Amino acid sequence: SERFSALKDYESSKNEYKYLRFSIIAQAVKIYFNLVEAKEQMVLSESSVSAFEDIFNIVEERYNQGVRSSLDYRLSLSNLLIARASLEQRRMILDGLARQMETLIGVYPSGKLDVSDNLSLLLPEIPRNLPSEIIEKRPDIRSAYNKIESSAGMLDYAKKNEIPFI
């Protein structure tokens with residue numbers, strides 16, 4: 001009974017290790033997708049800044065000619081500054097995600113990680129009638145079952161030790 005309990009504790013630890021590896025892979029995938037999205041968002045922000053710069057230059061030229069009011073000038077300047085701030089925020093997000101990914105893959109987190117510009121559109125086919133037994137094969141679920149079995153074995157062992165031997 002004590003051996004059974006120790007074996008179940010060992011199996012539980014093995015399954016927790018497997019789940020930890022699975023969790024790290026899932027975290028890396030999540031960071032990767034966020035990294036690609038952040039890169040695309042930064043490209044969009046750069047084009048927005050460029051567009052607002054063009055608009056500001058046109059409004060500034062017309063303001064200097066006396067065709068536009070100071071309100072239009074200040075509004076276009078405000079829009080340009082907001083777009084630049086948004087771009088910097090996107091750069092900081094991209095840098096932070098790149099550093100997280102570099103740390104996760106075991107390289108110095110310099111923020112210089114180069115990632116793909118777009119996500120793949122090819123996704124694997126998932127069968128519609130997946131059996132529920134798949135859930136029971138998850139390492140974290142197996143670990144929980146092993147812990148329960150170990151506890152039951154320890155309880156059984158404790159009960160046997162309470163009864164005096166004759």
Side-chain angles (χ1 to χ4, degrees), residues 1-52 79-166:
S1 208
E2 192 174 14
R3 275 188 158 174
F4 174 78
S5 182
L7 177 66
K8 289 302 176 179
D9 279 340
Y10 170 73
E11 288 177 7
S12 174
S13 296
K14 259 180 34 179
N15 285 319
E16 285 175 355
Y17 174 73
K18 286 179 186 176
Y19 182 69
L20 179 64
R21 289 180 61 202
F22 173 75
S23 178
I24 289 172
I25 291 169
Q27 187 178 7
V29 168
K30 196 184 296 186
I31 291 172
Y32 173 76
F33 283 117
N34 288 337
L35 194 54
V36 173
E37 178 195 4
K39 191 172 184 180
E40 290 177 2
Q41 290 285 341
M42 196 179 82
V43 169
L44 180 63
S45 288
E46 287 171 344
S47 67
S48 292
V49 166
S50 177
F52 281 117
N79 287 338
L80 175 59
L81 295 175
I82 289 170
R84 285 181 180 164
S86 177
L87 176 60
E88 282 307 309
Q89 183 180 21
R90 299 284 181 201
R91 280 193 180 125
M92 288 172 41
I93 290 170
L94 181 64
D95 182 62
L97 287 168
R99 289 174 190 272
Q100 282 181 8
M101 182 59 87
E102 288 167 339
T103 302
L104 202 57
I105 61 176
V107 297
Y108 181 77
S110 62
K112 308 255 188 274
L113 184 68
D114 191 30
V115 232
S116 174
D117 288 340
N118 54 15
L119 297 173
S120 173
L121 298 176
L122 301 173
L123 296 175
E125 181 85 20
I126 298 175
R128 293 181 186 187
N129 54 353
L130 282 176
S132 62
E133 290 83 28
I134 285 182
I135 292 175
E136 292 176 0
K137 292 181 182 180
R138 283 182 42 180
D140 56 330
I141 303 292
R142 293 296 319 144
S143 174
Y145 279 131
N146 290 335
K147 285 179 182 178
I148 291 170
E149 290 174 341
S150 171
S151 296
M154 291 300 284
L155 180 65
D156 187 41
Y157 178 73
K159 284 181 181 177
K160 286 181 182 176
N161 283 339
E162 284 180 2
I163 302 172
F165 291 102
I166 299 178

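No hydrogens, no waters, no symmetry mates; every other heavy atom, side chains included, goes into these values. The shown structure was predicted, so the numbers you read here are calculated from the model rather than taken from an experiment.
Of all the heavy atoms in Pro109 and Thr103, the pair that sits closest is CB-OG1, 3.6 Å. Considering all non-hydrogen atoms of both residues, Ser110 and Glu102 come closest at N-OE1, 2.7 Å. Listed here is the closest heavy atom pair of Leu35 and Leu97: CD1-CB, 3.5 Å. Residues Val49 and Ala83 come closest through the heavy atom pair CG2-O, 3.4 Å. Here the shortest heavy-atom pairing between Gly111 and Asp95 reads CA-OD1, 3.4 Å. Between Leu94 and Lys39, the shortest heavy-atom distance links the atoms CD1-N, 3.7 Å.
Going from atom CD of Glu40 over to atom CD of Glu37 covers 8.0 Å, rounded to the nearest 0.5 Å. The CD1 atom of Ile105 lies 12.0 Å from the OH atom of Tyr32; values are rounded to the nearest 0.5 Å. Residue Phe52 holds its CZ atom at 10.0 Å from OG of Ser47, rounded to the nearest 0.5 Å.
Under a 4.0 Å N-O distance rule, the pair Glu11/Lys14 does not qualify as a salt bridge.
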Could you walk me through whether Gln89 and Gln41 satisfy the side-chain contact (heavy atoms from CB on, under 4.5 Å) test, starting with their C-alpha distance in whole Å, then the side-chain angles of each, then the deciding distance to 0.1 Å, before giving a yes or no? CA-CA 10 Å; Gln89 183 180 21; Gln41 290 285 341; over 6 Å; no
For Leu87 and Arg84: C-alpha separation, side-chain torsions, deciding distance, then whether side-chain contact (heavy atoms from CB on, under 4.5 Å) applies. CA-CA 5 Å; Leu87 176 60; Arg84 285 181 180 164; 5.5 Å; no
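Lys30 is not listed as a side-chain neighbour of Gln100, based on a closest heavy-atom distance of 4.5 Å or more.
The main-chain N or O of Leu44 is found under 3.5 Å from a side-chain atom of Ser48 such that the two form a donor-acceptor pair.
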